2 protein chains.
Amino acid sequence: MSKLSQQILEIVKDSDKHMTAEEIFLLAKKKKVDISLASVYRVLNSLSEEGCLRRISFSNKADVYDKSVSDHGHLVCSKCKETVDLEFKDLRKILLKQTGVDFDYYELTINYVCEKCKRLKEKRK
Amino acid sequence: MSKLSQQILEIVKDSDKHMTAEEIFLLAKKKKVDISLASVYRVLNSLSEEGCLRRISFSNKADVYDKSVSDHGHLVCSKCKETVDLEFKDLRKILLKQTGVDFDYYELTINYVCEKCKRLKEKRK
DNA sequence: CTAAATGCAAACTATTTGCAACGAT
DNA sequence: ATCGTTGCAAATAGTTTGCATTTAG
C-alpha cells in the first residue's frame with residue numbers, strides 16, 4: 001500500500017462522516033497531503049476493493065465512502081440526504097437464514113423524510 | 001398522467017428485470033412508443049417521486065428502475081452486478097422495532113460473488 | 001387560452017482513463 | 001531496469017436542463 005493510500009485511508013478512518021471523493025480530496029489538501037483528485041478516486045477504489053472501506057451509492061448524489069466495513073445500515077432522508085448510521089442486532093443472522101446465501105456484506109438504506117424536511121414540505125403547501 | 005408516462009410505466013411493469021433508463025428507452029422504441037431519452041428520464045423521475053416505481057443506485061452502474069415498490073431486497077453480484085429479487089419475512093417489522101422510525105421504504109442490497117464470477121476469479125490466478 | 005409535456009441539443013457532474021513522468025525496489 | 005503510482009488533461013457515462021414547440025384540457 002502506497003504512502004498516499006495510507007494517508008487517505010487514515011483521513012477516512014479519522015472522520016465521523018461519510019465523505020465524497022471530493023470532500024476527501026479537500027480534507028487531504030487541508031491536511032497538507034499532496035494528492036490529485038484523480039488519485040483520490042483511484043486510491044479509494046483500491047481501498048474499497050481490498051475491503052478497507054465501503055463505497056456507497058445513493059440516487060442522485062455522489063458516492064460516499066464509509067470507514068465502517070462491518071455490518072450496519074443507514075437511515076437517509078429522501079429529501080436532504082442527511083444520513084445516520086444504524087446498528088442492527090442479528091440482522092446478518094436473519095438474512096443468512098432467510099436467503100441461505102453466505103454473502104460478503106449487506107447495504108441497508110432506510111428512507112424516510114426527516115423532521116426538518118417534513119416541516120419545509122408543510123410550509124410549501 | 002400523460003399518455004407517455006402511462007406507456008413507460010406499463011413497459012416497466014411488464015418487464016421482469018430491473019432496467020436502466022436507456023434500456024427502457026430502447027424497449028419503448030421497439031414497441032413503437034415514440035419518446036426521447038430525455039423524456040424517459042423525466043418520466044421515470046416523476047413516476048419514482050409519485051411512488052409508482054423505485055429508482056435504485058448501485059455503485060459504478062447506471063441507476064435501474066424497479067416496478068416493485070413493496071418491501072423487498074436485492075442479491076447482487078459485486079463483480080457482474082447480476083441482480084436477483086429477494087423477499088423477506090417480517091423485515092419491516094424487525095427494522096421498525098429496532099430503529100423506532102416509521103420509514104417510507106428500505107433498500108436492502110446483499111452483496112456476494114456469484115458462482116460464475118467466482119470461477120472466473122479462480123482461473124485468473 | 002393556459003399550463004403541462006415533449007424533443008433536441010447543450011450542459012453538467014461524477015468518475016475514469018491514457019499517457020508521460022516519477023519513485024521505490 | 002522494472003513495475004506500480006501519480007498528476008494532468010481529456011474522455012466518458014449518466015443524467016439533467018433551457019428553450020422553442022406541441023399537446024391537452
Side-chain angles (χ1 to χ4, degrees), chain A residues 1-12 17-50 52-66 76 78-81 83 107 109 124, chain B residues 1-12 17-50 52-66 76 78-81 83 107 109 124:
Chain A
M1 194 185 296
S2 79
K3 188 170 180 202
L4 282 180
S5 282
Q6 286 172 40
Q7 292 176 303
I8 292 298
L9 180 55
E10 214 166 293
I11 285 175
V12 177
K17 305 183 307 170
H18 305 113
M19 289 184 290
T20 63
E22 180 109 37
E23 288 167 342
I24 293 166
F25 169 66
L26 292 174
L27 190 49
K29 222 180 205 171
K30 201 181 290 176
K31 299 198 173 182
K32 306 294 176 204
V33 174
D34 191 29
I35 185 171
S36 70
L37 180 56
S39 293
V40 169
Y41 274 109
R42 263 188 292 234
V43 162
L44 288 172
N45 277 346
S46 310
L47 291 172
S48 307
E49 272 165 32
E50 289 160 21
C52 305
L53 296 178
R54 189 163 306 160
R55 180 177 176 171
I56 308 170
S57 307
F58 302 118
S59 293
N60 237 335
K61 286 273 170 180
D63 288 358
V64 295
Y65 296 83
D66 192 337
V76 182
S78 316
K79 303 292 173 201
C80 69
K81 307 286 174 188
T83 304
E107 259 178 75
T109 307
R124 258 189 286 126
Chain B
M1 193 187 295
S2 79
K3 188 170 180 203
L4 283 181
S5 282
Q6 287 173 38
Q7 291 177 302
I8 291 299
L9 181 55
E10 213 165 295
I11 285 175
V12 177
K17 306 183 307 169
H18 306 114
M19 288 185 291
T20 63
E22 180 109 36
E23 288 168 341
I24 294 167
F25 169 66
L26 292 174
L27 190 50
K29 221 180 206 171
K30 201 182 288 178
K31 298 198 174 184
K32 306 295 176 202
V33 174
D34 191 29
I35 187 171
S36 70
L37 181 56
S39 294
V40 169
Y41 275 108
R42 264 189 291 236
V43 162
L44 288 171
N45 277 347
S46 309
L47 290 172
S48 306
E49 271 166 31
E50 289 160 22
C52 305
L53 296 177
R54 189 164 304 160
R55 180 177 174 169
I56 307 169
S57 305
F58 301 118
S59 292
N60 238 334
K61 286 273 170 179
D63 288 358
V64 294
Y65 296 84
D66 191 337
V76 182
S78 315
K79 302 293 172 200
C80 69
K81 304 288 174 188
T83 303
E107 261 179 72
T109 306
R124 257 188 286 126

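Just so it is clear, the model here is predicted, and its values are computed rather than measured. Just so we're on the same page: letters track the sequence lines, and every chain starts at 1.
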At under 4.0 Å between heavy atoms, how does the protein contact nucleotides 1-9 of chain D? Give one character per nucleotide, 5' to 3', with B, S or -. ----SBBBB
Apply salt bridge (Lys or Arg N to Asp or Glu O under 4.0 Å) to A/R55 and list each qualifying residue two or more places apart in sequence or on a separate chain. A/D63
Report yes if some heavy atom in the side chain of A/I11 is under 4.5 Å from a heavy atom in the side chain of A/M19; otherwise report no. yes
Separation of B/L44 atom CG from D/dT15 atom C1', in whole Å? 11 Å
Identify, with sequence neighbours excluded, every residue that meets side chain to side chain donor-acceptor pair (under 3.5 Å) alongside A/S5. A/S2
Who pairs with A/S46 by side chain to side chain contact (heavy atoms under 4.5 Å, CB included), at least two apart in sequence or on another chain? A/E50
Which residues share a side chain to side chain contact (heavy atoms under 4.5 Å, CB included) with B/L53, sequence neighbours left out: B/L9, B/V12, B/L44, B/L47, B/S48
Go through residues 19-30 of chain A and report each residue with a non-hydrogen atom lying under 4.0 Å from DNA chain C, sorted by number. none
Mind checking what makes salt bridge (Lys or Arg N to Asp or Glu O under 4.0 Å) contact with B/R42, not counting sequence neighbours? none
Determine which pairs satisfy salt bridge (Lys or Arg N to Asp or Glu O under 4.0 Å) with at least one residue from residues 23-33 of chain B, sequence neighbours left out, and list them in order. none
First and last nucleotide of DNA chain C touching chain A, 5' to 3', heavy-atom cut-off 4.0 Å? C/dA14 to C/dG18
Worked check of side chain to side chain contact (heavy atoms under 4.5 Å, CB included) between B/I24 and B/Y41: CA-CA 10 Å; B/I24 294 167; B/Y41 275 108; over 6 Å; no
For the residue pair A/Y65 and A/N45, establish whether any side-chain heavy-atom pair is separated by less than 4.5 Å. yes
Can you list, pair by pair, the side-chain donor-acceptor contacts under 3.5 Å of residues 33-40 of chain B, counting residues two or more places apart and other chains?
unit_1, atom_1, unit_2, atom_2, d
B/S36, OG, B/S39, N, 3.2
B/S36, OG, B/S39, OG, 3.2

Value in whole Å for how far the P atom of D/dT17 lies from OH of B/Y41: 13 Å
Gap between atoms CG and P, on A/D63 and D/dT15 respectively (whole Å): 12 Å
